[in-house]
Undergrad: 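After the structure tokens below, expect a handful of questions from me.
To find a chain, count down the sequence lines: A is the first, B the second, and so on, and within it residues start at 1. This one's a predicted model, so the numbers in the text were calculated from it and none came from an experiment. All values below come from the heavy atoms of this structure, side chains included, with hydrogens, waters and symmetry mates left out.
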There are 2 protein chains.
Amino acid sequence: MERRGTSRKRDEAAFLAEYDASRYPRPSLTVDVALIQVEQGRIRSLVRKRGGHPELGKWGLPGGFVRPDESLDEAAARVLREKTGWMRVFLEQLYTFGRVDRDPRTRVVTVAYYALVDAGRLIKAEDSAMQTEWAELVVPWDGERGGTVDCRSADGHRLPLAFDHAEILGMAVRRLRGKLPYAPIGFELLPRRFTLRALQDIHEAILGHTVNKDAFRRRLLASGLISATGVRETGVGHRPAELYRFARGDRETKS
Amino acid sequence: MERRGTSRKRDEAAFLAEYDASRYPRPSLTVDVALIQVEQGRIRSLVRKRGGHPELGKWGLPGGFVRPDESLDEAAARVLREKTGWMRVFLEQLYTFGRVDRDPRTRVVTVAYYALVDAGRLIKAEDSAMQTEWAELVVPWDGERGGTVDCRSADGHRLPLAFDHAEILGMAVRRLRGKLPYAPIGFELLPRRFTLRALQDIHEAILGHTVNKDAFRRRLLASGLISATGVRETGVGHRPAELYRFARGDRETKS
DNA sequence: TGAATAGTGTCTATAAGACAATATCCC
DNA sequence: GGGATATTGTCTTATAGACACTATTCA
């Protein structure tokens, strides 16, 4: 038994030494990150104007090639770090896009990720060298049906998206709509302390429709996901709301 | 304007002609298919015993390299067709696995798909040349927490899984558990006509817990997703149940 | 004081769970 | 008829939606 096991090991080592990865054609593999924030009832995503071919002048998501020594999650985190400087951001794999002609250069398959940040992070990304915008996403479909989304700049201009990035962003919105009702992801889009109204606004922006205020409050307070801080918002011109914080995970460390 | 547009086109053409895809290292890209069926309260998946290195003797999912001229969906459908002969099977992208060392040969990223077939398809796959089993999936975690699953042969033996395929199958179960309550996927696991009890059994097997019978019936009948055929099952040793059929999509054509 | 939104309490409608009663098959 | 499960009907309980009422801030 021992001998057989050892010999099998040797066989495998020999096999691996001879293995030639170039025997099969390999597509290029990239990651793209749909970086999402919600502000004033609008979903926004970070897009950058392409300065080179192909799709010159169109707007694209931050992305890059997957390196041999990093996993897909690591590649996505690296891309996000390189383009924004941010770390410890909520980041999750979304979907892999592999249409044959999605990139005119060569066969490129991209593993799309989505990331969520609060609107307070608005400023930092804008003073990058590259022309970068938090573009508003206009979603022309209901519910979780899916499809592409339109991209608008702050002044209402339509920003044409490169490659299949309109599809990727559509998938991101679809995923958010699907997860929001039962997963604690809305908190990622808010600062550490927030009012229930702010959280409801996030939900409404993502879902694309209003939600019942009473039921929303009741459900959330009963969920145990949030806890009151005892502090209230200030300077709002009406009765100030209690500030809550997300009561799960290690988000205490955030700031 | 016209000239500028034309010149930009020429620039792009020149760029594309010079583009060298080998400038960045490219991982190998495969698809793997978790082919799922449910029978007698058990979730099963099709696994094949590996006849070559690496992971010789372990059990793996049907899979193959993505070819340059096919999309990811097409690759998955082709793999499924090659290994089982089946077409028009429910097939959906699951998740992409890209741990650096997941395959000892070289860097291999795999786009996992899951496919659903009814238990009536049991026989055809077993008379394949390769050693193939509909292995039972044993899920050691609750709800949608996720994790790996164990694989058992019909006689209760544990089948060791190759690569990260235990993880892929775990993700498939997790996805099914997440989608089942609101997506019409249970029907894919049943023959064209089925009883409500059979559908409930499917749900219980996937979810890993019993469901309330009364509520299940009411919800389904009210959903409009199914319609009665007027026919009843026969030879069951008790009052026969009405046979229903899925009342949406083009599933009429199935058989 | 008035405008505006937060927060509370209560009623109603709807869906889920429990369970009894009856129906219909095979043996 | 007896065993077994399907199907129907009713009652109870939990949750969502609606809405009135009070609270608290700023202008």
Side-chain angles (χ1 to χ4, degrees), chain A residues 38-41 143 177-178 180-184 186-187 190-191 193-247, chain B residues 39-41 143 177 180-184 186-187 190-191 193-247:
Chain A
V38 176
E39 198 187 24
Q40 298 187 317
R177 286 188 175 175
L180 196 59
Y182 66 91
F187 308 109
L190 287 168
R193 291 144 165 242
F194 52 86
T195 64
L196 286 176
R197 160 57 66 185
L199 184 55
Q200 184 178 345
D201 286 344
I202 297 277
H203 278 239
E204 293 182 343
I206 289 175
L207 296 174
H209 61 76
T210 59
V211 306
N212 184 280
K213 179 184 167 182
D214 298 340
F216 184 79
R217 290 179 64 87
R218 259 189 312 226
R219 190 154 34 79
L220 238 87
L221 290 172
S223 73
L225 284 174
I226 59 174
S227 53
T229 61
V231 186
R232 304 199 175 180
E233 61 181 344
T234 51
V236 284
H238 54 76
R239 174 173 174 178
E242 171 98 37
L243 290 170
Y244 290 83
R245 61 186 169 77
F246 183 48
Chain B
E39 199 189 21
Q40 298 188 318
R177 286 187 175 175
L180 196 59
Y182 65 92
F187 308 110
L190 286 168
R193 292 146 165 239
F194 54 86
T195 64
L196 286 176
R197 162 56 66 182
L199 184 57
Q200 185 179 343
D201 287 343
I202 298 277
H203 278 240
E204 293 182 342
I206 290 175
L207 296 174
H209 61 76
T210 59
V211 307
N212 184 281
K213 181 183 167 181
D214 298 342
F216 184 80
R217 290 179 64 88
R218 259 189 310 227
R219 194 156 27 82
L220 236 89
L221 290 171
S223 74
L225 284 174
I226 60 174
S227 52
T229 62
V231 186
R232 302 193 177 186
E233 61 181 344
T234 52
V236 284
H238 55 77
R239 174 172 174 178
E242 172 99 36
L243 290 169
Y244 290 83
R245 60 187 170 76
F246 184 48

Undergrad: What's the shortest heavy-atom distance between A:Val38 and A:Ala205, and which atoms?
TA: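 For A:Val38 versus A:Ala205, the nearest heavy atoms are CG1-CB, 3.6 Å.
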Undergrad: Who pairs with A:Glu242 by side chain to side chain donor-acceptor pair (under 3.5 Å), at least two apart in sequence or on another chain?
TA: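 Partners of A:Glu242 by the side chain to side chain donor-acceptor pair (under 3.5 Å) criterion come out as none, since no residue qualifies.
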Undergrad: Who pairs with A:Tyr244 by ring-ring contact (aromatic ring centres under 6.0 Å, His included), at least two apart in sequence or on another chain?
TA: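 Checked A:Tyr244 against ring-ring contact (aromatic ring centres under 6.0 Å, His included); zero matches.
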Undergrad: Rounded to the nearest Å, what distance is computed from the CZ atom of residue B:Phe216 to the C1' atom of nucleotide D:dT7?
TA: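 It is 15 Å, rounded to the nearest whole Å.
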Undergrad: Quick one: side chain to side chain donor-acceptor pair (under 3.5 Å) pairs with a partner in residues 216-238 of chain B, sequence neighbours left out?
TA: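 Not a single pair qualifies under side chain to side chain donor-acceptor pair (under 3.5 Å).
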Undergrad: Whole-Å distance between C:dA4 P and A:Glu233 CD?
TA: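 To the nearest whole Å, that distance equals 16 Å.
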Undergrad: Take nucleotides 22-27 of chain D nucleotide by nucleotide from the 5' end and write B, S or -, depending on whether a protein heavy atom sits under 4.0 Å from the base, only from the sugar-phosphate, or from neither.
TA: -BBBS-
Undergrad: According to salt bridge (charged side-chain N to carboxylate O under 4.0 Å, His left out), does anything in residues 194-203 of chain B pair up with another residue at least two apart or in another chain? List the pairs.
TA: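 Sorted result for residues 194-203 of chain B: B:Arg197-B:Asp201.
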Undergrad: Taking only side-chain N and O atoms of B:Lys213, does any of them lie within less than 4.0 angstrom of OP1 or OP2 on C:dA18?
TA: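 Result: no.
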Undergrad: Enter the distance from A:Leu180:CG to A:Leu207:CG here, rounded to the nearest 0.5 Å.
TA: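 Nearest 0.5 Å value for the CG-CG distance: 5.0 Å.
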Undergrad: Please give, in whole Å, the distance from D:dT5 P to B:Gln200 CD?
TA: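 So the CD-P distance, B:Gln200 to D:dT5, works out to 13 Å.
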Undergrad: Compare every heavy atom of A:Gln200 with every heavy atom of A:Asn212, then report the nearest pair and how far apart it is.
TA: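 Heavy atoms of A:Asn212 and A:Gln200 come nearest at C-NE2, 4.4 Å.
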Undergrad: Could you pull out the closest heavy-atom pair between B:Glu204 and B:Val211, with the gap in Å?
TA: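 Scanning both residues completely, I find the closest heavy atoms to be OE2-N, 3.0 Å.
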Undergrad: Tell me every residue that passes side-chain contact (heavy atoms from CB on, under 4.5 Å) with B:Pro184, counting only those two or more places apart in sequence or in another chain.
TA: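 If we apply the side-chain contact (heavy atoms from CB on, under 4.5 Å) test to B:Pro184, skipping adjacent residues, the hits are B:Phe187, B:Leu225, B:Phe246.
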Undergrad: Output every pair passing ring pair (Phe, Tyr, Trp, His ring centres under 6.0 Å) with a member in residues 201-232 of chain B, not counting sequence neighbours, ordered by first then second residue.
TA: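 Every ring pair (Phe, Tyr, Trp, His ring centres under 6.0 Å) pair that includes a residue of residues 201-232 of chain B, provided the two are not neighbours, is B:His203-B:Phe216.
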Undergrad: For DNA chain C, determine which residues of residues 222-231 of chain A have any heavy atom closer than 4.0 angstrom to one of its atoms, and list them numerically.
TA: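 Residues of residues 222-231 of chain A under 4.0 Å from DNA chain C: none.
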Undergrad: So how far is it from B:Leu220 CG to B:Ile226 CD1, rounded to the nearest 0.5 Å?
TA: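 Answer rounded to 0.5 Å: 4.5 Å.
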Undergrad: Between C:dT5 atom C1' and A:Glu242 atom CD, what is the distance in whole Å?
TA: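 Taking CD of A:Glu242 and C1' of C:dT5, I get 15 Å after rounding.
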Undergrad: Extract from the structure each pairing of a protein N or O with an N or O of nucleotides 8-16 of chain C at less than 3.5 Å, listing the distance.
TA:
none

